[in-house]
Number of protein chains: 2
Amino acid sequence: MSTAEETSGGEVQPWGEVTPDAARRLLVAAVEAFAERGYHATTTRDIAGRAGMSPAALYIHYKTKEELLHRISRIGHEKALDVLRTAAESEGGPAERLAEAVRSFVRWHAGQHTVARVVQYELDALGPEARAEIVALRRQNDAAVRGIIEDGVAAGDFDVPDVRGTTIAVLSLCIDVARWFNVNGPRTPDEVGALYADLVLRMVGAKSRPRP
Amino acid sequence: MSTAEETSGGEVQPWGEVTPDAARRLLVAAVEAFAERGYHATTTRDIAGRAGMSPAALYIHYKTKEELLHRISRIGHEKALDVLRTAAESEGGPAERLAEAVRSFVRWHAGQHTVARVVQYELDALGPEARAEIVALRRQNDAAVRGIIEDGVAAGDFDVPDVRGTTIAVLSLCIDVARWFNVNGPRTPDEVGALYADLVLRMVGAKSRPRP
DNA sequence: TCCGAAGCTGAGCGCCCGCTTAGAGCGCCC
DNA sequence: GGGCGCTCTAAGCGGGCGCTCAGCTTCGGA
């Protein structure tokens with residue numbers, strides 16, 4: 001399960017739950033390499049090199065290259081799901097909750113777009129059981145978003161003829177941010193999040209949107 | 001597999017412009033394989049095998065495996081751009097043109113999702129100059145959609161605070177259909193196209209939408 | 001002081017990759 | 001009929017891949 005990632009000093013560090021230190025460095029190197037070139041185009045020599053180690057060192061901490069991808073996918077999905085759920089379960093009406101969910105989910109996919117790319121686009125490189133585990137996590141994303149939209153419809157705040165289809169569209173819109181987002185582009189993750197939250201409220205026909 | 005688009009007076013099948021026949025069969029096999037496993041995970045032996053030929057036969061028609069990907073990407077993008085432009089330049093107001101553009105673009109990405117996947121997600125496997133060529137084609141997609149939205153804003157039909165951002169979002173939404181669309185799922189390409197056209201009209205705040 | 005476990009490296013194994021080459025089959029034009 | 005060019009195959013080359021293993025270093029505990 002996803003737990004707090006704090007050192008004794010209290011600082012939050014991205015892959016804090018991965019120990020020992022060498023294993024974490026290898027995993028961070030793998031995320032970089034997979035995001036840049038793709039899983040199949042990345043060699044174990046490249047990963048080890050980025051982590052400042054010999055190729056053989058990788059196999060002390062991970063059984064195979066695929067296990068690295070699996071760990072990255074699981075942790076990444078859990079983080080994204082955590083971000084989404086926190087927003088979905090927050091205080092406020094459906095419109096506020098949906099806006100906050102989209103805002104934070106998009107912010108994560110933009111800010112952590114290297115991880116997000118690996119997590120979203122390398123699923124097929126996993127074996128059947130690892131893939132099944134990840135797919136289950138994805139369905140929880142879907143359920144979280146659908147839940148908010150259903151609440152909004154029930155409350156009469158939203159006008160949505162096709163709840164399942166709209167849910168897919170909203171999630172798809174957010175996830176695809178990981179594909180096109182560019183750190184050197186004109187927008188910050190916060191700005192994209194705000195823009196997308198507004199667009200999604202329009203998609204669900206929210207009766208009263210927060211001021212732009 | 002859908003191969004034969006019937007000809008009434010000379011209209012061609014999906015990859016009709018690729019000759020000779022053996023080159024076309026190899027290309028179709030490559031599209032299947034790339035879409036299924038990804039470019040880097042696909043071997044030239046696999047492609048040739050699917051086309052019913054020996055591995056060496058591939059190199060009579062294509063200089064390298066990368067050239068195959070390049071040809072697929074170029075033709076695929078040109079087809080998609082053609083679909084989009086035809087709709088963008090059709091008769092009617094901005095709302096009708098935008099709806100038709102989204103409807104047909106989405107229909108293409110759903111119906112031809114194998115090609116679309118290769119075209120959209122394997123761009124990084126291309127060399128610098130081939131990639132530059134494809135990126136140029138993408139910018140034309142962007143310009144086509146932005147043009148319609150600008151028309152709608154100028155005519156007072158749309159309410160769009162951020163035209164560039166909304167353009168990216170609309171295209172992103174359509175393109176990502178290629179990732180999640182499933183032939184065995186509950187929706188046909190036509191249905192997804194209709195749903196998405198409605199959602200996009202909401203996103204741009206179209207004053208009067210066609211009947212749902 | 002010594003010992004065993006843990007972490008890591010240099011060397012390298014066996015496999016399969018993209019791609020090449022020599023040559024066979026076959027239709028076409030003179 | 002015969003040479004030619006196009007298409008295709010069987011065989012295989014060089015190389016880089018994922019991964020392994022023997023052995024070195026480091027270090028905490030008895």
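Protein chains get the first letters and strands the later ones, always in sequence-line order, with residue 1 at the start of each. Remember, it's a predicted structure, so these values are computed and weren't measured experimentally.
In this structure a side-chain-to-backbone donor-acceptor pair under 3.5 Å is missing from B:Arg45 to B:Pro55.
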**OP:** Given side chain to side chain donor-acceptor pair (under 3.5 Å), test B:Arg85 with B:Gln140 step by step and report yes or no.
**Re:** CA-CA 9 Å; B:Arg85 279 215 177 118; B:Gln140 296 185 48; 2.4 Å; yes

**OP:** Evaluate side chain to side chain contact (heavy atoms under 4.5 Å, CB included) for A:His40 paired with B:Arg37, printing each intermediate quantity in order.
**Re:** CA-CA 10 Å; A:His40 288 291; B:Arg37 307 207 220 288; over 6 Å; no

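In terms of the ring-ring contact (aromatic ring centres under 6.0 Å, His included) criterion, residue partners of B:His109 (sequence neighbours excluded) are, by chain and number, B:Phe105. Checked against salt bridge (Lys or Arg N to Asp or Glu O under 4.0 Å), B:Arg131 has no partners two or more places apart in sequence or in another chain.
Between atom OG1 of residue B:Thr19 and atom CZ of residue B:Arg24 there is a gap of 7.5 Å, rounded to the nearest 0.5 Å. To the nearest 0.5 Å, atom CZ of residue A:Phe158 and atom CD1 of residue A:Ile149 are 7.0 Å apart. Here the CD atom belonging to A:Glu122 is positioned 10.0 Å from the CD1 atom belonging to A:Ile72, to the nearest 0.5 angstrom. Annotation: the span from A:Ile75 atom CD1 to A:Asp82 atom CG amounts to 13.0 Å, rounded to 0.5 Å.
The list of side chain to side chain donor-acceptor pair (under 3.5 Å) pairs with a residue in residues 54-65 of chain A, not counting sequence neighbours, is empty.
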Subject >> Contact pattern, 5' to 3', of nucleotides 19-25 of chain D - B, S or - by protein heavy atom under 4.0 Å >> reply: BBB----

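A nucleotide of DNA chain C counts as in contact with chain B when one of its atoms lies under 4.0 Å from a heavy atom; the first and last such, 5' to 3', are C:dC17 to C:dT21.
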Original post:
Where does DNA chain C pair, written as one dot-bracket string 5' to 3', with Watson-Crick or G-U pairs under 3.5 Å, ( ) inside the strand, [ ] for crossing pairs and | for another strand?
Top reply: ||||||||||||||||||||||||||||||

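Nucleic acid contact for B:Ser54: base, since at least one base atom lies under 4.0 Å from a heavy atom of the residue.
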